[in-house]
Amino acid sequence: MIADARPLQPEFVPGDVRHREGEVDALTSGLQPITVGRKTEPVLLHGPSGTGKTCIARHAVDRLRSEVVDLDTQYVNCWEDYTRFKMLYRVLEGIDRALNVHRQSTPRDELVDRLRDALDDPYVIVLDEVDQLEEKDVLYDLYRTSGLSLVLVANREEELFSELSERLVSRLHTATRIRFDRYGMDELIGILEDRVRWGLREDCIDHEQLTRIAEAAAGDARIAIGILRAAAREADGRRVKKITDDLIEEGVPEAKAEIRQKHVQKLTEHQRVLYDVIVERGEIAPGELYDVYCERVDGPKSRRMVRNHLQKMQRYNLVRAEGESRSRTYSPTS
DNA sequence: CCTCCACTGGAAGATCGGGAAG
DNA sequence: CTTCCCGATCTTCCAGTGGAGG
């Protein structure tokens with residue numbers, strides 16, 4: 001059934017992006033100055049997840065690189081590299097200047113200095129999930145670096161700006177902002193059709209089934225593709241030739257579980273224990289959660305640290321917190 | 001209404017680990 | 001070798017919040 005698995009992968013960037021022509025044009029013209037060797041004002045892409053922000057950022061940058069000689073580019077996911085140090089390290093990696101910085105004990109601004117010294121060619125950085133950055137001020141350091149062009153990707157614009165310092169907000173005022181809305185049904189089906197054509201053998205899925213997937217995905221292309229991938233994989237496993245409604249129905253929770261599983265793997269031992277307890281109990285009060293956690297673990301951390309862990313798991317969308325202060329309970333996200 | 005107290009999240013400072021400088 | 005430095009992690013302290021119960 002699966003002829004080519006790549007178009008079904010979440011990271012896949014199609015050579016030609018569907019239904020986002022306007023956004024692509026806006027981004028391309030925002031990056032226009034680079035083609036004549038100048039740096040650009042930052043471009044901010046914002047909108048819900050699965051609306052193509054990352055995809056289009058990568059697509060536009062790829063295309064730019066084919067037009068401009070000596071253009072350096074780098075993609076950084078700030079969810080994974082969320083500290084100042086890690087993020088800057090990745091940025092330096094993009095121009096091969098990360099060598100010899102394997103140490104953490106690099107003087108505070110050495111990384112920024114090194115970046116400024118090293119830049120002679122124009123450099124475009126895509127900062128994905130930029131709202132996950134712990135220390136947003138590092139954006140200001142990047143902003144002030146000449147020759148550096150920033151493409152920022154965030155879920156919610158207002159939330160991002162509320163966490164930025166005064167000077168950054170005023171700087172980013174001039175930024176090109178491009179808003180992404182959820183895909184409509186027809187758009188989502190169109191995206192799925194492409195992936196089916198590129199990735200699956202012919203006639204293994206009908207328009208009706210694609211419609212079902214699009215419905216279940218609620219405008220989120222990443223989930224839609226995830227469902228398609230899960231269903232196709234399962235069909236291969238069972239050696240059937242067609243994707244049926246049953247397979248899609250099973251694919252829905254699997255696609256969501258897959259995203260969750262990725263995050264669970266990144267948890268530390270202590271975080272994992274907390275997560276397991278919350279999943280077992282379904283819903284649990286903070287005090288009880290802490291008691292159970294202490295019983296299960298050698299050398300339990302302080303309550304405060306546990307709260308940090310719980311916050312992190314909320315960011316990862318693994319755990320939901322409901323209520324304030326005394327009435328707070330934690331539960332797993334379904 | 002008032003008081004109690006479990007709970008939250010910010011701030012400050014202690015501690016650890018690893019690499020650099022002396 | 002020791003000392004210093006830095007980021008990461010963790011603890012301690014605390015003001016603020018809001019439900020429970022006089």
Side-chain angles (χ1 to χ4, degrees), chain A residues 76-94 96-118 127 129-142 156 158-166 168-169 263-333:
Chain A
V76 183
N77 189 322
C78 300
W79 202 316
E80 278 153 31
D81 300 305
Y82 56 91
T83 67
R84 176 193 172 86
F85 181 85
K86 285 179 186 161
M87 192 269 260
L88 286 174
Y89 187 88
R90 285 263 176 261
V91 168
L92 281 166
E93 261 184 353
D96 299 323
R97 292 309 173 102
L99 304 151
N100 304 325
V101 229
H102 292 294
R103 51 177 189 269
Q104 301 176 341
S105 58
T106 314
R108 169 111 184 136
D109 280 325
E110 157 108 31
L111 292 189
V112 176
D113 291 342
R114 195 184 273 239
L115 179 63
R116 296 206 169 120
D117 293 344
L127 295 178
E129 318 255 18
V130 70
D131 39 346
Q132 295 298 323
L133 262 186
E134 254 173 18
E135 217 182 307
K136 308 279 194 305
D137 269 7
V138 66
L139 293 177
Y140 190 70
D141 292 321
L142 294 182
R156 301 189 48 197
E158 321 83 59
E159 220 166 272
L160 174 64
F161 274 89
S162 70
E163 288 173 12
L164 297 180
S165 64
E166 198 70 25
L168 258 174
V169 171
H263 289 151
V264 170
Q265 279 169 1
K266 288 184 195 157
L267 298 180
T268 65
E269 185 201 334
H270 287 255
Q271 290 163 355
R272 184 62 195 266
V273 170
L274 286 165
Y275 177 69
D276 288 345
V277 172
I278 293 170
V279 169
E280 279 167 36
R281 298 298 185 94
E283 189 176 10
I284 189 167
E288 197 186 349
L289 172 60
Y290 187 71
D291 292 342
V292 178
Y293 157 77
C294 287
E295 280 169 29
R296 289 203 193 174
V297 127
D298 283 340
K301 309 294 183 194
S302 66
R303 292 185 125 86
R304 185 67 187 85
M305 198 58 215
V306 163
R307 288 203 289 274
N308 283 343
H309 290 330
L310 288 167
Q311 269 186 338
K312 183 164 189 172
M313 288 191 275
Q314 285 176 64
R315 284 214 306 264
Y316 277 59
N317 224 351
L318 292 169
V319 164
R320 204 180 20 236
E322 264 163 315
E324 292 300 312
S325 94
R326 281 198 77 157
S327 60
R328 171 68 66 91
T329 60
Y330 293 100
S331 50
T333 56

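Here is the naming used below: chain letters follow the sequence lines, and residue numbers restart at 1 for every chain.
By the side-chain contact (heavy atoms from CB on, under 4.5 Å) test, S327(A) is found to be paired with no residue, residues two or more places apart in sequence or in another chain being considered. For Y275(A), there are no ring-ring contact (aromatic ring centres under 6.0 Å, His included) partners two or more places apart in sequence or in a different chain. Remark: D81(A) pairs with V76(A), K86(A), R90(A) by the side-chain contact (heavy atoms from CB on, under 4.5 Å) rule, at least two apart or across chains. Legend: residues meeting side-chain hydrogen bond (donor to acceptor under 3.5 Å, both in side chains) with R328(A), ordered by chain and number and at least two apart, are Y330(A). Take E322(A) and apply the side-chain contact (heavy atoms from CB on, under 4.5 Å) test, not counting sequence neighbours, and it matches R320(A), T329(A), S331(A). Legend: residues meeting side-chain contact (heavy atoms from CB on, under 4.5 Å) with S325(A), ordered by chain and number and at least two apart, are absent.
Rounded to whole Å, atom C1' of dG16(C) lies 14 Å from atom CZ of R304(A). Rounded to an integer number of Å, the gap from K301(A) NZ to dT15(B) C1' is 12 Å. Following rounding to the nearest Å, M305(A) (CE) and dC13(C) (P) show an atom-to-atom distance of 18 Å. Rounded to whole Å, the distance from CZ on R303(A) to P on dC10(C) is 17 Å. Spacing between atom CE of M87(A) and atom P of dG7(C) amounts to 14 Å, rounded to whole angstrom units.
If you check dT12(C), dT8(B), dC10(C) against the side chain of Y330(A), the one that comes closest is dT8(B).
Non-hydrogen atoms lying under 4.0 Å from DNA chain B are contributed by P286(A), G287(A), all within residues 286-300 of chain A. Of the residues in residues 307-328 of chain A, those lying under 4.0 Å from DNA chain B by heavy-atom distance are R307(A), Q311(A), S325(A), R326(A), R328(A).
Here the rule is side chain to side chain contact (heavy atoms under 4.5 Å, CB included) with H309(A), and of L274(A), V319(A), L267(A) only L274(A) fits it.
Remark: T83(A) is in phosphate contact with dA8(C), judged by side-chain N or O atoms under 4.0 Å from OP1 or OP2.
For residues 284-312 of chain A, the set of pairs meeting the salt bridge (charged side-chain N to carboxylate O under 4.0 Å, His left out) definition, not counting sequence neighbours, comprises E280(A)-R296(A), R281(A)-E288(A).
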